[in-house]
Amino acid sequence: MIHDIKEYVKYLDGIHKRTMQYVKAIPKEFLDWKPSEDKFSTGDLLRHIASARLMFLGIFEHETWTYTGHDSSKGASLEDISNYLEACQIKLTEGLLKLGNDVLTKKVKTLHGHEVSAWRILMAIPEHEIHHRGQISTYLQMNKIEPPQIFGLKIEQV
């Protein structure tokens, strides 16, 4: 369980910084690559991570699940997507800090209408981002591009 929203926001910032390491590793010509026609492209995944941050914040601020999409209007270039990711992270963290620790004891509804403790949704935020960052890592490796080592060393170097 989360006990302090400030500490949680610091944790989220660390997740975000590691995601941004991936953005820096993506060649611009790889932005539209996807493993098959029915899957998200690399750019779609990054825009999706950013838009989901706003969706999660909306749950706490407005008690609604509103996803604004991941189309290229949210950023067509790596620079634009990077700016969108940064802006959404700032909005999420500032919004959570404004809500304060009171959000930790709040109850919210899931997409299925079940009431759960808000901290469960807060835990879904990093889990969601890490899941999609893993997809990006796989996309890179499928194309013989080395993904960044988010903690500095490969396991063989430990």
Side-chain angles (χ1 to χ4, degrees), residues 1-26 31-76 78 80-142 147-148 150-151:
M1 188 166 162
I2 303 163
H3 299 286
D4 181 49
I5 199 69
K6 289 178 184 174
E7 286 299 315
Y8 173 76
V9 164
K10 280 188 206 174
Y11 173 72
L12 275 187
D13 281 339
I15 302 280
H16 169 70
K17 285 176 184 162
R18 289 186 288 279
T19 297
M20 296 310 289
Q21 289 178 20
Y22 274 73
V23 174
K24 292 174 188 165
I26 297 168
L31 204 53
D32 294 324
W33 187 89
K34 51 185 163 180
S36 64
E37 205 48 47
D38 62 332
K39 302 297 181 201
F40 280 18
S41 71
T42 307
D44 291 338
L45 286 170
L46 293 169
R47 290 183 292 263
H48 173 71
I49 289 169
S51 291
R53 291 173 180 166
L54 301 181
M55 177 191 71
F56 284 118
L57 180 59
I59 297 163
F60 305 115
E61 289 183 332
H62 312 293
E63 299 180 9
T64 59
W65 290 75
T66 304
Y67 178 67
T68 60
H70 54 270
D71 60 85
S72 61
S73 70
K74 308 263 186 282
L78 273 171
D80 291 343
I81 293 171
S82 179
N83 291 337
Y84 183 56
L85 280 159
E86 292 289 355
C88 291
Q89 179 68 8
I90 289 167
K91 189 166 185 178
L92 172 63
T93 57
E94 286 179 352
L96 291 174
L97 289 171
K98 185 177 176 184
L99 292 167
N101 284 336
D102 290 344
V103 73
L104 302 175
T105 56
K106 192 174 182 176
K107 296 282 188 181
V108 295
K109 293 207 184 245
T110 67
L111 283 170
H112 301 291
H114 306 293
E115 195 171 83
V116 297
S117 296
W119 66 265
R120 292 187 179 275
I121 303 298
L122 289 168
M123 293 308 298
I125 297 171
E127 188 171 340
H128 174 263
E129 184 159 335
I130 293 165
H131 163 76
H132 289 302
R133 193 171 65 210
Q135 284 181 285
I136 294 167
S137 177
T138 300
Y139 282 21
L140 291 169
Q141 292 175 69
M142 289 172 71
I150 59 174
F151 295 112

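Numbering of residues begins at 1 and proceeds along the displayed sequence. All heavy atoms count here, side chains included; hydrogens, waters and symmetry mates do not.
- Considering only heavy atoms from C-beta on, Leu122 comes within 4.5 Å of Leu104 through its side chain.
- For the pair Thr68 and Lys74, the minimum side-chain heavy-atom distance is below 4.5 Å.
- Residues Pro126 and Tyr8 approach most closely at CD-OH, 3.6 Å, considering heavy atoms.
- Residues that satisfy the side-chain hydrogen bond (donor to acceptor under 3.5 Å, both in side chains) test with Thr138, not counting sequence neighbours, are absent from this structure.
- Within 6.0 Å of CD on Glu127 lie no more than 12 heavy atoms contributed by other residues, nucleotides or ligands.
- One finds the CG atom of Asn101 at 5.0 Å from the CG atom of Asp4 (value rounded to the nearest 0.5 Å).
- Dense packing is recorded around OH of Tyr67, with more than 12 heavy atoms of other residues, nucleotides or ligands lying under 6.0 Å away.
- Put simply, the side chain of Ile15 does not reach to within 4.5 Å of the side chain of Ile125, judged on heavy atoms.
- Among all heavy-atom pairs drawn from Leu140 and Ile26, the shortest one is CD2-CG1, 4.2 Å.
- Screening residues 93-128 for ring-ring contact (aromatic ring centres under 6.0 Å, His included) gives His48-His128, Phe56-His128, His128-His132 as the qualifying pairs, with residues at least two apart or on separate chains.
- The backbone N or O of Gly69 lies less than 3.5 Å from a partner atom in the side chain of Ser51, making a donor-acceptor pair.
- Atom CG of Leu12 is separated from atom CD of Gln89 by 6.0 Å, given to the nearest 0.5 angstrom.
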Go through Val108 and Val116 one step at a time and tell me if the side chain to side chain contact (heavy atoms under 4.5 Å, CB included) criterion holds. CA-CA 6 Å; Val108 295; Val116 297; 4.1 Å; yes
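- Applying the side chain to side chain contact (heavy atoms under 4.5 Å, CB included) test to Gln141 and every residue at least two apart in sequence or in another chain returns Ser137, Pro147.
- For the atom pair CG of Asp71 and CG of Asp44, the computed distance is 8.5 Å after rounding to the nearest 0.5 Å.
- One finds the CD1 atom of Ile59 at 5.5 Å from the CD1 atom of Ile121 (value rounded to the nearest 0.5 Å).
- Every residue meeting the side chain to side chain contact (heavy atoms under 4.5 Å, CB included) condition with Lys39, not counting sequence neighbours, appears here in chain and number order: Pro35, Ser36, Tyr139.
- The side-chain heavy atoms of Leu78 and Leu31, taken from C-beta on, include a pair separated by under 4.5 Å.
- Ala118 approaches Val103 most closely through the heavy-atom pair CB-O, 3.2 Å.
- To the nearest 0.5 Å, the span separating NZ on Lys107 from CD on Glu63 amounts to 13.5 Å.
- Counting heavy atoms from C-beta on, the side chains of Trp33 and Met142 come closer than 4.5 Å.
- How far NE2 of His70 is from CG of Leu45: 8.5 Å, rounded to the nearest 0.5 Å.
- Applying the salt bridge (charged side-chain N to carboxylate O under 4.0 Å, His left out) test to every pair with at least one member in residues 52-62, sequence neighbours left out, gives these pairs: Arg53-Glu129.
- Using a cut-off of 4.0 Å between Lys/Arg side-chain N and Asp/Glu carboxylate O, Lys10 and Asp13 are scored as not salt-bridged.
- For the pair Arg47/Ser41, a side-chain contact is recorded, criterion being any heavy-atom separation below 4.5 Å from C-beta on.
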Taking it one step at a time, do Leu46 and Ile136 satisfy side chain to side chain contact (heavy atoms under 4.5 Å, CB included)? CA-CA 9 Å; Leu46 293 169; Ile136 294 167; 3.5 Å; yes
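- Screening residues 82-95 for salt bridge (charged side-chain N to carboxylate O under 4.0 Å, His left out) gives no qualifying pairs among residues at least two apart or on separate chains.
- Smallest separation of non-hydrogen atoms from His16 and Leu85: CE1-O, 3.8 Å.
- With no hydrogens or angles considered, no side-chain donor-acceptor pair links Lys34 and Thr42 at under 3.5 Å.
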